[in-house]
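Working notes, beginning with the structure itself.
The sequence lines fix the lettering, A, B, ..., with proteins before strands; numbering per chain opens at 1. Below, each value reflects all heavy atoms present in this structure, side chains not excepted, and no hydrogens, waters or symmetry copies.
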Protein chains: 2
Amino acid sequence: MEKKEAKTLPYESDVCEASYVDQDKVLSVLRGMKNESVMQRIAETFKVLGDPTRTKIIYALSSAELCVCDLASLLATTRSAISHQLRILRNMRLVKYRKEGKMVFYSLDDGHIRNLFNECLRHIEEEEYDRYDTGTS
Amino acid sequence: MEKKEAKTLPYESDVCEASYVDQDKVLSVLRGMKNESVMQRIAETFKVLGDPTRTKIIYALSSAELCVCDLASLLATTRSAISHQLRILRNMRLVKYRKEGKMVFYSLDDGHIRNLFNECLRHIEEEEYDRYDTGTS
DNA sequence: CTAACAGTTGAACAATTGTTCATTTGTTTG
DNA sequence: CAAACAAATGAACAATTGTTCAACTGTTAG
């Protein structure tokens, strides 16, 4: 039970335990939190959408069904790089595919992804607007 | 002008240039694409939302205004780690802050972020549903 | 069958990223 | 002023990530 004296703590301890935390507020937020695995899944989804190459693939597929070679040409990169990224998108069920001979055509898996994209775009545009709006008044 | 013989190309060249690309389709998609900097901004936004710690911070802030110490307590991590992540969220204008004495209270910057979050959640829930729905025809 | 091609994949490498540790800044209080 | 505390920050480190290179699978056409 050795109690550490305050003096022996020159900087913060590992985890914020002691300080003036608003316990009630924190507990209330904690209760409203989705469970860990859902949070993990959300983070993962955003992360997958957060790579420039994948972002562009998704955007391209939101306007047409395309094969690997089309995408490579469109994004000026190799088929290999595209293929690696498509696998990640496939695993996250963000895109689906259809085989036709030796070609494989990819498209978006569902409409939510398009919505996510548009919502993000709206945020960015509003951000842009705000930047020029501040200063008046 | 040394022309390489086909035989000296045992595998694909750097970029998909030659092959059977549907030029019309690709050009049409390309025209519909947002410009590079917008795409970059979208990717960046998703990326920032795509780290588990930041995802949780955002989610927590979507239900209450909190200080660094509250967040550290809530996520069971150090104030330093939270502070580093908050800077990133600040830079992307996803959160705003308000100083009160030596405390700093953070909150979401605008409503779009909440929408983005909810849209993502809906995608995940539908995904979950689909997984148990497949098999029947 | 063989050559050519679309796509996939594994290994390796460089680049980026998140956390920790330690220090610093700025505010409040004794 | 000095001690105490919230928060911010820089450096360092381990872990993760995206691309490239090279090889491989499977399909089509001569």
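Across D:dT20, D:dC5, C:dT8, the shortest atom-to-atom separation from the side chain of B:K102 is found for D:dC5. Checked against D:dG10, D:dT20, C:dA6, the side chain of B:R87 finds its nearest nucleotide in D:dG10. Proximity note for A:C67 (side chain, C-beta onward) versus C:dG7, C:dA11, D:dA7: the nearest is C:dG7.
Per the geometry, NZ belonging to B:K99 stands 11 Å off C1' belonging to D:dA6, to the nearest Å. Rounded to an integer number of Å, the gap from B:I82 CD1 to D:dA8 P is 11 Å. For the pair B:M92 CE and C:dT17 P, the computed distance is 12 Å after rounding to whole Å. With rounding to whole Å, A:R98 atom CZ is found 15 Å from C:dA6 atom C1'. As a whole-Å value, the separation of B:H84 NE2 from C:dT23 C1' is 11 Å. In this entry the distance linking OH of A:Y106 with P of C:dA6 reads 15 Å, nearest Å. A:L75 has its CG atom 15 Å from the P atom of D:dG18, to the nearest Å. Atom CD1 in A:I88 sits roughly 13 Å away from atom C1' in C:dT8 (whole-Å rounding).
With sequence neighbours excluded, the residues satisfying side chain to side chain contact (heavy atoms under 4.5 Å, CB included) with B:K96 are B:S107, B:D109. By the side chain to side chain contact (heavy atoms under 4.5 Å, CB included) test, A:S62 pairs with A:Y59, A:L108, A:R114, sequence neighbours left out. For B:K47, there are no salt bridge (charged side-chain N to carboxylate O under 4.0 Å, His left out) partners two or more places apart in sequence or in a different chain. Considering only residues two or more places apart in sequence or on other chains, A:D24 meets the side chain to side chain contact (heavy atoms under 4.5 Å, CB included) condition with A:D22. Residues satisfying the salt bridge (charged side-chain N to carboxylate O under 4.0 Å, His left out) test with A:E65, not counting sequence neighbours, are A:R98.
Residue-to-nucleotide contacts include no donor-acceptor pair under 3.5 Å from the side chain of A:S80 to the base of D:dT19.
The aromatic rings of B:F46 and A:F117 sit tilted, their planes meeting at an angle between 30° and 60°.
A:T77 has a side-chain polar atom (N or O) that falls below the 4.0 Å cut-off from OP1 or OP2 of D:dT20. For B:Q85 and C:dT17, the shortest distance from a side-chain N or O to OP1 or OP2 is not below 4.0 Å. Distances shorter than 4.0 Å separate some side-chain N or O of B:T78 from OP1 or OP2 on C:dT20. Taking 4.0 angstrom as the limit, A:R79 places none of its side-chain polar atoms (N or O) nearer than this to OP1 or OP2 of C:dG7.
A side chain to side chain contact (heavy atoms under 4.5 Å, CB included) with B:I58 holds for exactly one of B:T53, B:V48, B:L89; it is B:L89.
Against DNA chain C, the stretch residues 43-61 of chain B makes heavy-atom approaches under 4.0 Å through B:K47, B:D51, B:T53, B:R54.
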